[in-house]
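Report on the structure given below.
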Amino acid sequence: MSQLNLILLGPPGAGKGTQAERLVGDFGLPYYATGDILRAAVKEESDLGGEAKEFMDRGDLVPDDLICKVVMERVDAPEAADGFLLDGFPRTVPQAEVLRGALERRSRHLTAILLIGAPDEEVIRRLSGRRVCRDKGHVYHLQFDPPKNEGFCDQDGSPLLLRDDDAPETVQHRLDVFHDQTKPLVELYEKQGLLRRFDGTRAPDEVHGHIRATLATLRLEEEL
Ligand SMILES: [Zn+2]
């Protein structure tokens, strides 16, 4: 069976997390969210984690080479021998170059970049409609999952709040940063013929079906 070495790309609120969960279930691939594995490395105080911590403690960005090494530690694990699903790395063109080199040295290559897109207005509508209850953090959505009593949690009656992260201005800013960072990356992967686009405004089942079909085709092509 050919490997499925995949990168998941997309703005916040386009349903990346949901799709990642399903792909992990379908293909048994390990899922590596870069932020999480970096934090884990720091917590475990591995050699690389300790190195990363020094940068973080100084408030500096962790260099691309170092993030890539932390990622490759996972990619080299037996569980990732048939492939992996990477989220949050690479985010920039230089990171993509570092990753390509590291994979090449292992005689591996990326199978595809799965870009789950959604227009900014849709993302803002989805995220800014979220409300979280003050006491227990129960999550509602004004449009998709409204509480029975407007403004209050069904389960504990505490008031529902809009998190700062979900405020429309904040979401727009996150989206601007995302687009600035990933546009050159998307263009690079498009040029390399690796990019596959999915419409994150569709129902999650439909998006999932499209991704599955795409991966099945890619696997067939690789085996020819
Ligand atoms: Zn609650």
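Note that ligands are numbered from 1 as they come in the structure, with each ligand's atoms numbered from 1 the same way. For clarity, every value in this text was computed on a predicted model and none was experimentally measured. Side chains are part of it too, since the values below use all heavy atoms of this structure and drop only hydrogens, waters and symmetry mates.
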Take Lys69 and Glu73 through the salt bridge (charged side-chain N to carboxylate O under 4.0 Å, His left out) test and state the conclusion after the steps. CA-CA 6 Å; Lys69 277 184 194 159; Glu73 254 186 349; over 6 Å; no
Who pairs with His208 by side chain to side chain donor-acceptor pair (under 3.5 Å), at least two apart in sequence or on another chain? Asp26
Could you grab the protein N, O or S atoms closer than 2.8 Å to the Zn ion (ligand 1) for me? Cys133 SG, His138 ND1, Cys153 SG, Asp156 OD2
Salt bridge Arg100-Glu104, side-chain N to carboxylate O under 4.0 Å: yes
For the residue pair Asp156 and His138, confirm or rule out a side-chain donor-acceptor distance under 3.5 Å. yes
Side-chain contact, heavy-atom cut-off 4.5 Å: Thr34 with Asp87? no
Could you tell me if the side chain of Cys68 sits less than 4.5 Å from the side chain of Phe89, heavy atoms only? yes
